[in-house]
Asks: 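Can you keep this structure in mind? I'll have questions shortly.
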Amino acid sequence: MTAAHARPAPPIRLTRRGRTVLLLLLCALAAVVLALGSPPSDAAGPAGPAPTAVVQPGDTLWSIAEQYVPDLDPITAIEEIRELNDMPSYTVYAGQRLRLPARR
């Protein structure tokens with residue numbers, strides 16, 4: 001047989017199982033492309049500026065803790081406020097700006 005008389009190769013035929021496997025591979029490839037192309041979530045994004053409060057005449061750490069951090073036990077909130085502001089004592093002064101714990 002010469003090259004001029006060669007028969008063309010028959011087309012590739014997929015069985016039902018072959019089509020299923022091919023479809024699953026294409027779906028897996030699409031899932032990988034979507035996962036790699038999606039934007040990152042904001043779940044672990046950078047936090048905004050820490051909340052602050054300005055001490056008013058007559059304020060105490062206890063009243064500030066109750067007013068600005070009501071979801072925490074006041075004693076815990078006071079200790080966090082002191083730690084955030086490097087406070088050696090429990091005394092606050094009118095006009096003083098305090099960093100507050102982030103709300104949870």
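What you see is a predicted model, and the numbers here were worked out from it, not measured in a lab. Any value given below was found using the heavy atoms of this structure, including those in side chains, with hydrogens, waters and symmetry copies removed.
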Asks: Please find the pair of heavy atoms, one from Arg97 and one from Asn85, that lie closest to each other, and give the distance.
Replies: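 Residues Arg97 and Asn85, closest heavy atoms: O-OD1, 4.2 Å.
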Asks: Just so I know, are the side chains of Thr76 and Val69 near enough to count as touching, which here means a heavy-atom distance under 4.5 Å?
Replies: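 They are not in side-chain contact.
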Asks: Can you tell me how far OG1 of Thr60 sits from CD of Glu66, rounded to the nearest 0.5 angstrom?
Replies: 8.0 Å
Asks: Side-chain heavy atoms nearer than 4.5 Å, only ILVMFWY residues, links allowed to pass through others: does that put Leu61 and Leu84 together?
Replies: no
Asks: Work out which heavy atom in Ile81 is nearest to a heavy atom in Ile64; give both atom names and the distance.
Replies: CD1-CG2, 4.2 Å
Asks: Considering all heavy atoms of both residues, which atom of Pro57 and which atom of Ala94 are nearest to each other, and what is their separation?
Replies: N-CB, 4.0 Å
Asks: Taking side chain as C-beta onward, heavy atoms only, is Gln96 less than 4.5 Å from Asp59?
Replies: no
Asks: To check you understand the geometry: which heavy-atom pair defines the closest contact between Tyr68 and Leu100, and what is its length?
Replies: CB-CD1, 3.5 Å
Asks: For a quick test of reading the model, state the closest non-hydrogen atom pair linking Ala77 to Pro101 and the distance between them.
Replies: O-CG, 4.4 Å
Asks: What are the two closest heavy atoms between Ala65 and Pro74, and how far apart are they?
Replies: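 Closest pair (atom of Ala65, atom of Pro74, distance): CB-O, 4.0 Å.
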Asks: First locate atom CG of Leu22, then atom CZ of Arg17, and finally report the distance between them rounded to the nearest 0.5 Å.
Replies: 14.5 Å
Asks: Mind checking the CZ-CD spacing from Arg99 to Glu80? Nearest 0.5 Å is all I need.
Replies: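 Result: 13.0 Å between the selected atoms.
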Asks: Look up atom OG1 in Thr20 and atom CG in Leu25, then write down how far apart they are to the nearest 0.5 Å.
Replies: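 Separation between the atoms: 11.0 Å.
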Asks: For the backbone of Pro88 and the side chain of Arg82, can you confirm whether one donor and one acceptor N or O come within less than 3.5 Å of each other?
Replies: yes
Asks: Mind checking whether Trp62 and Ile78 have side chains closer than 4.5 Å, heavy atoms only?
Replies: yes
